[in-house]
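Contents: one structure, followed by commentary.
By convention in this document, chain letters (A, B, ...) are assigned in the order of the sequence lines, proteins followed by strands, and residues within each chain are numbered from 1. When reading the values below, keep in mind they use all heavy atoms of this one structure, side chains included, and skip hydrogens, waters and symmetry mates.
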2 protein chains.
Amino acid sequence: MELAAAKLKFIEAWGKLGSEWGINRTMAQVHALLLISPEALTTEEIMENLSISRGNANMTLRDLIGWGLIEKQHKAGERKEYFFADKDVWNIARQVAKERKKRELEPVLKILTELSTVEGDEKDPEFKTFKKSVNDINKLANNVDKTLETMLKAEENWFWSSVLKVFK
Amino acid sequence: MELAAAKLKFIEAWGKLGSEWGINRTMAQVHALLLISPEALTTEEIMENLSISRGNANMTLRDLIGWGLIEKQHKAGERKEYFFADKDVWNIARQVAKERKKRELEPVLKILTELSTVEGDEKDPEFKTFKKSVNDINKLANNVDKTLETMLKAEENWFWSSVLKVFK
DNA sequence: ATAAAGTTTCAATAAGTTTTGAAAGTTTAA
DNA sequence: TTAAACTTTCAAAACTTATTGAAACTTTAT
């Protein structure tokens with residue numbers, strides 16, 4: 001396969017994956033483009049490469065910075081802003097896990113904790129079923145939360161050697 | 001908190017979580033409703049409870065069956081179909097992991113494998129950066145795939161005791 | 001064979017999300 | 001201080017996805 005074709009395919013695949021995981025397509029595509037660029041790129045270059053508008057490029061770059069996936073770079077003697085992506089896949093995974101934990105898992109944990117205080121008649125099947133489901137989900141969510149917490153602190157090698165020891 | 005209020009809140013929260021994870025809101029809400037129901041429910045009851053149309057209820061129930069999250073039940077002497085959810089949270093997590101692995105991870109692995117066959121000049125920074133990123137992502141994706149594979153085969157107790165030993 | 005009960009389909013429509021582009025805002029150099 | 005270079009904002013438009021509801025279909029009891 002040709003490099004140019006491979007690049008297009010990569011950007012497309014990363015965009016699709018992103019949209020399946022609740023990250024908007026353009027955001028994932030800009031990230032993909034920067035991931036495979038040896039040099040930092042300007043807003044203009046990104047707009048041109050992906051055929052997107054200035055407004056869209058600007059918002060998307062801001063969001064990616066918010067997710068901690070890309071950074072701004074200032075080149076000496078230049079006014080333009082350049083953007084580049086952290087190329088370390090392990091850092092990317094951690095960063096995404098961190099953001100989703102904060103944005104999604106934590107609010108759910110809060111609600112589950114609240115819901116598990118529900119009061120009712122232990123003989124009522126409606127009540128019993130509700131309570132059991134909520135408690136079970138609560139336990140699972142807490143386990144996931146702890147696991148992510150540990151992952152966020154972990155060094156890559158430590159992490160994979162531990163996981164692979166268990167899942168060999 | 002009152003049971004009725006708690007139920008509503010649970011259904012709403014589960015729906016929101018679902019939509020953040022690429023599962024449509026109604027599907028997650030129907031699942032939530034069945035999760036906290038001690039008895040299997042009919043299409044009518046689900047429609048009424050969530051104020052959704054017959055068409056929507058039907059499609060959603062079919063999708064949930066496709067994901068392996070709910071099942072049909074036939075009651076003796078009755079024509080209507082009843083639906084109930086597997087209440088075991090561990091089974092739910094495995095089932096969701098299984099479907100997403102199949103629908104999302106596997107196609108991506110296929111493309112990554114293809115992309116890693118790209119040919120080019122090792123001295124070209126464009127080529128080197130592309131190849132390194134694709135290879136790194138490929139490795140991570142394969143690790144995730146193996147981990148999920150093991151998880152799918154695991155028994156609950158074995159799994160959690162192992163995980164908690166590592167991430168304590 | 002018929003009609004009643006129940007289920008499925010799908011084109012039209014509604015709701016939600018993303019993108020555009022032009023205008024407003026900001027920064028820098030001279 | 002001015003104007004050129006660059007960045008940000010946001011309302012309107014385009015696009016995508018979810019939902020409705022009525023018609024078609026299937027099954028069962030008589």
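Shown for residues 100-108 of chain B: no residue has heavy atoms falling under 4.0 angstrom of DNA chain D. For the segment residues 18-51 of chain A, the set of residues with a heavy atom within less than 4.0 Å of an atom of DNA chain D is empty.
If one axis is set at each end of the helix from C:dA1-D:dT30 to C:dA30-D:dT1 from five pairs, those axes are 10° apart, to 10°.
Judged as a salt bridge (charged side-chain N to carboxylate O under 4.0 Å, His left out), and not counting sequence neighbours, the contacts of A:K9 are B:E114. Scanning for salt bridge (charged side-chain N to carboxylate O under 4.0 Å, His left out) contacts around B:E81 gives B:K72, with sequence neighbours left out.
Scanning all heavy atoms of the two residues, the minimum distance from A:F83 to A:L34 falls at O-CD2, 3.4 Å. Across all non-hydrogen atoms, the minimal contact from A:N49 to A:L33 is CB-CD2, 3.7 Å. For B:K87 against A:D136, the heavy-atom pair with the smallest separation is O-OD2, 4.4 Å.
For A:E39, the CD atom is loosely surrounded, since the number of other residues' heavy atoms within 6.0 Å does not exceed 12. By the neighbour-count criterion of 12 heavy atoms within 6.0 Å, atom CD of B:E20 is densely surrounded, having more than that number from other residues, nucleotides or ligands. Counting heavy-atom neighbours within 6.0 Å of B:M59 CE, excluding the residue itself, gives a total of 12 or less.
Counting only heavy atoms from C-beta on, B:N58 has its side chain closest to C:dT8 among C:dT19, C:dT8, D:dT8. Distance from the side chain of B:E81 is smallest for C:dT7 among the nucleotides C:dT7, C:dT19, C:dT9.
The CD1-P distance, from B:I52 to D:dG21, rounds to 12 Å in whole Å. Atoms CD (B:E78) and C1' (C:dA5) sit 12 Å apart, rounded to a whole Å. Here the C1' atom of nucleotide C:dA5 and the OH atom of B:Y82 are 13 Å apart, to the nearest Å. Following rounding to the nearest Å, B:L61 (CG) and D:dA18 (P) show an atom-to-atom distance of 16 Å. Taking atom CG of residue A:D63 and atom C1' of nucleotide D:dT9, one finds them 14 Å apart after rounding to whole Å. Taking atom NE2 of B:H74 as the reference point, atom P of D:dT27 lies 11 Å away to the nearest angstrom. Rounded to an integer number of Å, the gap from B:K72 NZ to D:dT27 C1' is 12 Å. At whole-Å resolution of the value, CE in B:M59 and P in C:dA11 are 11 Å apart.
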Worked verdict on B:R100 versus B:W21 for side chain to side chain contact (heavy atoms under 4.5 Å, CB included): CA-CA 10 Å; B:R100 299 205 72 154; B:W21 283 82; 3.7 Å; yes
Step-by-step side chain to side chain contact (heavy atoms under 4.5 Å, CB included) determination, B:K80 to B:H74: CA-CA 7 Å; B:K80 280 201 284 282; B:H74 286 282; over 6 Å; no
Protein-nucleotides 23-30 of chain C N/O pairs closer than 3.5 Å?
residue	atom	partner	partner atom	Å
C:dT27	O2	A:R79	NH2	2.8

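Residues B:G55 and A:K80 both approach DNA chain D. Their nearest nucleotides, taken by heavy-atom distance, put A:K80 toward the 5′ side.
A side-chain N or O of B:T42 and one of B:E45 form a donor-acceptor pair less than 3.5 Å apart.
B:E99 pairs in a side chain to side chain donor-acceptor pair (under 3.5 Å) with only one of the listed residues (B:K101, B:Q95, B:R103), which is B:R103. The only option from A:N143, A:L112, A:V108, A:L115 that meets the side chain to side chain contact (heavy atoms under 4.5 Å, CB included) definition with A:N138 turns out to be A:L112.
Annotation: the span from A:S133 atom OG to B:D88 atom CG amounts to 10.0 Å, rounded to 0.5 Å.
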